[in-house]
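Worth knowing before you read on, the calculation uses all heavy atoms, side chains too, and leaves out hydrogens, waters and symmetry mates.
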Amino acid sequence: MFRPVACGLIPLLHRAFARAPRSPRSSGVERVLGKDEVSGSIPLVGSIPTSWRTGIMPILEESSRDTPLYRMRHSLSHVMAQAVQKLYPGTLLGFGPPIDDGFYYDFIFPGEVTPGEKTLSEIEETMREIIRERQGFEREDLAAGDALERIRGMKEPHKLEYAQELIEKRGMDSLSFYTNGPFVDMCEGPHVDNTSKLPLDGFTLRSVAGAYWRGDERNVMMTRIYAYAYPNRKQLRLRKQAVQKAQEREHRKLGQELSLFAIRDEVGRGLPLWLPNGTAIRQELEKLADEMEFKAGYKRVATPHITKAQLYRTSGHLPLYEDGMYPPMLMHEEAESGGDGGGEPERYYLKPMNCPHHHMVFASEMRSYRDLPLRLAEYGSVYRFEKLGALQGLARVRGMTMNDAHIYTTPEQLKDEFKAVMEMHKKYYELFEFEDYFLRLSLWDPEDPKRRNKYFDDPEAWAATEKIAQEALEELGLYYKVSKGEAAFYGPKVDFQFRSVIEKEYTVSTNQIDFAVPPRFGLKYVDRDGTEKTPYCIHRAPLGTHERFIAFLVEHYGGAFPTWLAPVQVLVLPISERHLGYARKIEGLLRQDMVRAEVDESDATTGKKIRSGATRKIPMILIVGDKEEEAGTVTVRRYGIKQQENKTIEAYLDDLRDEIKERRHVKAD
RNA sequence: GCCGACGUAGCUCAGCGGUAGAGCAGCUGAUUCGUAAUCAGCAGGUCGGCGGUUCAAGUCCGCCCGUCGGCUCCA
């Protein structure tokens, strides 16, 4: 929804872990794509079809740009540009592509004019006038030189810049132009043949946003106008309704309604307070990770929140990520270690990642090949100074606690360990019943000028580790998308990409190979032959961070958690005051079983108490009145399920224990 | 950080130059109730903050802070 359909690129979406045919050998680097190719979207309604949900490997060929929907949206974007230039003469153009639910166009408005959302309806009206004029779209292909001449005449500097790039860097020998009415745009097309084909009531201008030219903050800030566009009013309305419905599941909204977390400016932006309900979920996740990691041979460690600068110089993080770190605390009482004796104060940083500390744990004693693989795990809290405008509820924060671990391996063990981590992800994802996500294999891009200094320049090591990561995916039969230039600075990685209900894409989990940092720390193990060797390191976080992971869980379950995860698992509901004693007795039994239970002690009516429990999405309400008290039973009313059950207390407790222990999902009606 | 929109009670919102309102939540009382809202009362707001215009400012203007939507970055 947010990304333009880029030109000439074949988007691939792979539903990982799908029970689909093994990915053919030809998948992978042969299919390396540009780093920003389309990723489609959850098709709320009428978007470009993808198989995000169906598990079939979708390949949107270039021809998919030539759908009626695409043409319609693209042509509407030209109509919008024409309308804007009519209303605000002198407005310059950027890009104006169709997107998954409509289109946008980037503009630079002249002088003091900065249209806000109030002017959108005016632009919309002008667009409708243009559509009614029944303008024809005419295509014209010009040879490179003539094309440049034409664009110079159009006085569109950004179009010119792009045209020059197409000709000089990409070697195109001609460019195409589309004319409709008085409006001419350099554009690849295709378009509808006449504006009369455009739906007068199928589009609406949605928002005004700033956008840097070509997405680079060093460039000029343009004004982007977004629009929804569908073939007719009904589909447009469906889209708007779907967006509204999605917002009801948004973790920020549910987080407040369910009292999971709070972000207070008094504490700091991006620094969430975990309320008791949210903390219960964190504890359950930590229990789960403890169990999973213990069984897989991981060892728990615990490391401090602040550390001397030298550690991050050694790791290589400081020069690369200092902007992303909280500024240092200067300790004037201590001379800087690793300094030149010039009396500089010691600098301590809040840790932005756990790996350097884990490397120090590795280095704390002599290691033998017999110690490997050594798997060090920690739910570690880290702090990153994310940009103000980037913060987003729990999904992007400045303080977070990560399901982190570092696995030190010999070269021979690397692939198997990497695969074992993938398998662990699979177990987790099956447990949560996640389905809508895809894997992204992120590789080195030595050509990327913006990041040339980011990477360790060791082509051989990159090639070797990228091969291992790719083979691991292939051998597991996983689908994935390749993204050049998205690797970590220390090695290739596989990211697990999810979309939030408001269709933002996030990395939730990650599995990374690191060949670069262990040598910088001088990490060694003594091999079988008595020589010292440097281990590889795997960084992995299947449960990501509590913050982002829980944000996704909230949206995934719409706030209605399975019993094992629910902040309040059982609400005991006495019919009247005389049943309070019995209700409290049951609550006590549940508490002794470590079940998060409450009694509704209000004097509201039964209907009101049920409503209030249901509003809190508590998985089970136990109704206890005369019948139950006499028979020693409870009446179980599950969230979202009409059919009630009456059970003895003992039977209920047994069933509940099993359900929680097995972390079962119980489907609503 | 940048561009735009928006900030009224714990929550959802009305009021848009002339004495701050509603519903829900909260508290008190009555009610003791069998499956998604019992009734009544009370309390709750320097209308985000600071300046300005005006006889008079939630209401108009400016700056700041915050929230949301984008751009960028990332777990």
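- A:Arg269 has a side-chain polar atom (N or O) that falls below the 4.0 Å cut-off from OP1 or OP2 of B:rU67.
- Ring geometry for A:Tyr429 versus A:His425: interplanar angle over 60°, hence perpendicular rather than tilted (30 to 60°).
- Sorted by first and then second residue, the ring-ring contact (aromatic ring centres under 6.0 Å, His included) pairs with a member in residues 610-647 of chain A form an empty list; sequence neighbours excluded.
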Could I get a table of every N or O pair under 3.5 Å where one atom is in the protein and the other is in nucleotides 23-26 of chain B?
from: B:rA25; atom 1: OP1; to: A:Lys608; atom 2: NZ; distance (Å): 3.0

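- Using bins of under 30°, 30° to 60° and over 60° for the plane-to-plane angle, the ring pair A:Tyr383/A:His305 lands in the tilted bin.
- Neither OP1 nor OP2 of B:rC73 sits under 4.0 Å from any side-chain N or O of A:Tyr212.
- Geometrically, A:Arg73 does not engage A:Phe103 in a cation-pi contact, judged by NZ or CZ lying under 6.0 Å from the ring centre and within 45° of the ring axis.
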Could you go over nucleotides 43-48 of chain B and give all protein N or O partners under 3.5 Å, atom names and distances?
none

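- Taking atom P in both B:rC16 and B:rU31, the straight-line distance is 44 Å, to the nearest Å.
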Quiz: residues 385-393 of chain A side-chain donor-acceptor pairs under 3.5 angstrom, not counting sequence neighbours:
from: A:Lys387; atom 1: NZ; to: A:Glu217; atom 2: OE1; distance (Å): 3.4
from: A:Lys387; atom 1: NZ; to: A:Glu217; atom 2: OE2; distance (Å): 3.3
from: A:Gln392; atom 1: OE1; to: A:Tyr506; atom 2: OH; distance (Å): 3.1

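- Using atom C1' as the reference point in both B:rG58 and B:rC50, the two lie 16 Å apart (nearest Å).
- The stretch residues 248-260 of chain A comes close to RNA chain B through A:Arg252, A:Gln256, each having a heavy atom under 4.0 Å from the strand.
- Applying the side-chain hydrogen bond (donor to acceptor under 3.5 Å, both in side chains) criterion to A:Glu293, with sequence neighbours excluded, gives A:Arg300, A:Asn403, A:Arg540.
- Nearest nucleotide to the side chain of A:Thr615, out of B:rG34, B:rC33, B:rA36: B:rA36.
- For A:Arg637 and B:rA36, the shortest distance from a side-chain N or O to OP1 or OP2 is below 4.0 Å.
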